[in-house]
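Taking it in order: structure first as structure tokens, then the write-up.
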There are 2 protein chains.
Amino acid sequence: MVQRQATSLRRRGPRPLSQRQRRILEFIDTFAEDKGYAPSIRDIVKGCSISSTSVVDYNLRILEREGHLRRDAEVSRGIVRLGQQRRDKLAVPLMGQIAAGQPIPVPAADTWSSLGSVETMEVPRELARGHSDAFALRVKGTSMIDALINDGDIVLMQAAQSASDGDMVAVWLKDEQEVTLKKIFYEGNRVRLQPANSQMQPIYTRPENVEVQGKVLGVIRQM
Amino acid sequence: MVQRQATSLRRRGPRPLSQRQRRILEFIDTFAEDKGYAPSIRDIVKGCSISSTSVVDYNLRILEREGHLRRDAEVSRGIVRLGQQRRDKLAVPLMGQIAAGQPIPVPAADTWSSLGSVETMEVPRELARGHSDAFALRVKGTSMIDALINDGDIVLMQAAQSASDGDMVAVWLKDEQEVTLKKIFYEGNRVRLQPANSQMQPIYTRPENVEVQGKVLGVIRQM
DNA sequence: TGTCACCGAGAACGCTCGTTCTAGCACATT
DNA sequence: AATGTGCTAGAACGAGCGTTCTCGGTGACA
């Protein structure tokens with residue numbers, strides 16, 4: 001098991017977690033979500049393919065010292081996860097607005113993971129369907145109305161440079177200088193952009209003119 | 001300990017809990033909230049001033065049978081409380097479908113509080129805006145498309161018999177024998193039903209023809 | 001008066017589980 | 001080469017804990 005970390009990094013600040021420690025944390029979460037109570041140390045042994053309880057105990061001490069969980073001594077299943085939002089909600093950054101006249105502001109990896117000051121909102125976990133790097137945008141204007149998206153709606157997005165046929169995507173149309181949300185279909189030497197509203201007509205354009213900016217995971221509208 | 005119940009009452013239906021059983025349930029909740037994990041049977045013995053673990057076991061069996069909690073056999077602290085929502089997420093019952101041809105199935109108070117088998121989904125608490133008796137419906141068909149609601153969308157509803165001007169409501173149109181989602185405006189001797197889509201025309205009808213069935217709190221669409 | 005369902009008490013059995021002790025390997029430091 | 005640190009392994013101890021068995025008491029019903 002080669003997962004050693006440079007010692008120099010450990011001297012100062014909170015230490016990065018080893019792969020095994022991250023695995024344990026993740027297992028504790030999924031176990032608790034699944035069963036409704038915390039795993040025992042031997043549950044973790046089995047769930048993470050570890051050979052001994054002492055290894056788990058050792059790593060749990062570290063995780064407790066680093067503030068990721070709390071343990072009550074001598075208490076079965078006394079592990080309590082700390083500092084994480086509720087299991088069935090996903091906190092996504094609300095990046096700003098999406099309007100017809102400008103590209104969408106894609107989060108630059110470190111923009112909000114280090115700097116935690118961006119507004120976030122919680123969405124049902126089912127909406128994101130496993131995409132943990134999702135982000136949200138508030139729609140400005142009614143230019144997306146043929147995609148059944150109104151002024152003020154919130155779209156849950158995932159950054160992407162390409163898409164598959166039928167995906168609902170945010171595309172930047174270079175000629176028109178605007179973004180729009182449409183279902184995308186690649187048809188040989190042209191691209192069909194199909195509104196979600198069946199009563200509306202699709203847009204046909206050249207492949208060079210479209211630039212996929214992200215996939216739409218869902219829409220939330222508050223009345 | 002005088003807490004005996006009339007035997008005749010026990011024969012049918014869900015039995016009322018004894019004082020001791022209510023005490024145990026309450027203790028489980030406060031313990032879990034306080035510590036972050038479920039109490040052991042001996043914790044309950046101490047916390048409820050009971051003299052034996054078998055008494056707790058006996059009552060826990062009853063509580064499990066009555067659906068107040070779930071127990072995993074042979075698992076320490078394997079008690080999981082059921083039927084109570086967490087504080088900062090909102091679990092709403094997914095009542096079924098809403099289609100144009102039929103009224104919405106309003107939850108009849110006891111329909112899902114006793115019978116716990118209905119599907120539930122979790123929504124962002126902001127969406128419900130304080131309405132804790134909200135419920136959800138899956139939209140069937142594209143008849144609501146002028147309200148920017150598509151086939152498969154989920155609408156978060158609150159039962160209501162009346163509405164204020166500008167509310168987005170589900171109304172049952174008696175003459176047309178269908179439900180639709182519109183913004184409602186009372187204009188003297190007529191009612192204006194305005195689609196959310198500004199490109200669509202409003203419907204005007206007689207007040208007697210409309211029957212408000214619920215307010216729309218929000219819309220969730222999953223791609 | 002006897003039977004039965006309901007309920008509580010006490011004790012013992014045996015698995016569950018946290019803890020701890022010893023040992024060993026890899027790598028860095030001195 | 002000697003020492004220290006980070007980490008993994010295996011095993012055993014002992015307390016925690018769910019389960020179950022026996023015994024007793026109370027009230028309802030016939």
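In what follows, chains carry the letters A, B, and so on, assigned in the order in which the sequence lines appear, proteins first and then strands, with residues in each chain numbered from 1. These figures come from a predicted structure and were not determined experimentally.
Rounded to a whole Å, the OH atom of B:Tyr37 is 12 Å from the P atom of D:dG16. Taking atom NZ on A:Lys46 and atom P on C:dT16, their separation rounds to 8 Å, with Å as the unit. If you measure from atom CD1 of A:Ile50 to atom P of C:dG18, you get 13 Å, rounded to the nearest angstrom. Taking atom CD1 of A:Ile41 as the reference point, atom C1' of D:dG10 lies 15 Å away to the nearest angstrom. A straight line from CD1 of B:Ile24 to C1' of C:dG8 spans 12 Å, rounded to a whole angstrom. Atom OH in A:Tyr58 sits roughly 17 Å away from atom P in C:dC21 (whole-Å rounding). In this entry the distance linking CD of B:Gln21 with C1' of C:dC6 reads 11 Å, nearest Å. Rounded to an integer number of Å, the gap from A:Arg22 CZ to D:dC7 P is 13 Å.
Nearest-nucleotide positions on DNA chain D for B:Arg77 and A:Ile62 put A:Ile62 closer to the 5' end.
Note that OG of A:Ser49 and CZ of A:Arg23 are 5.5 Å apart. Values are rounded to the nearest 0.5 Å.
A sub-4.0 Å separation between OP1 or OP2 of C:dC7 and a side-chain N or O of B:Arg20 is absent. Within the structure, every side-chain polar atom (N or O) of B:Arg61 is placed at least 4.0 Å from both OP1 and OP2 of C:dC7. At least one side-chain nitrogen or oxygen of B:Ser40 sits closer than 4.0 Å to the OP1 or OP2 atom of D:dC17. An OP1 or OP2 oxygen of C:dG10 is reached within less than 4.0 angstrom by a side-chain nitrogen or oxygen of B:Ser51. An OP1 or OP2 oxygen of D:dT19 is reached within less than 4.0 angstrom by a side-chain nitrogen or oxygen of B:Arg71. For C:dG8, the OP1/OP2 oxygens have a side-chain nitrogen or oxygen of B:Asn59 closer than 4.0 Å. For B:Ser52 and C:dA9, the shortest distance from a side-chain N or O to OP1 or OP2 is not below 4.0 Å.
Residues A:Ser40 and A:Asp43 bring a donor and an acceptor atom of their side chains to less than 3.5 Å of each other.
Both tests do not hold together for B:Arg77 against A:Tyr37: distance to the six-membered ring centre under 6.0 Å, angle to the ring axis within 45°.
At the heavy-atom level, A:Ser76 lies under 4.0 Å from the strands shown only through sugar-phosphate atoms.
When each of A:Leu25, A:Val55, A:Ile79 is tested with A:Leu60 by the rule side chain to side chain contact (heavy atoms under 4.5 Å, CB included), just one qualifies, namely A:Ile79. If you run side chain to side chain contact (heavy atoms under 4.5 Å, CB included) between A:Leu156 and each of A:Val219, A:Leu217, A:Ile220, A:Leu137, only A:Leu217 comes through.
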Under 3.5 Å, which N/O atoms of the protein pair with N/O atoms of nucleotides 12-15 of chain C?
none

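Using a 4.0 Å cut-off between charged side-chain N and carboxylate O, A:Lys183 and A:Asp167 make no salt bridge.
Checking side-chain atoms of A:Asn59 against main-chain N and O of A:Val56 turns up no donor-acceptor pair under 3.5 Å.
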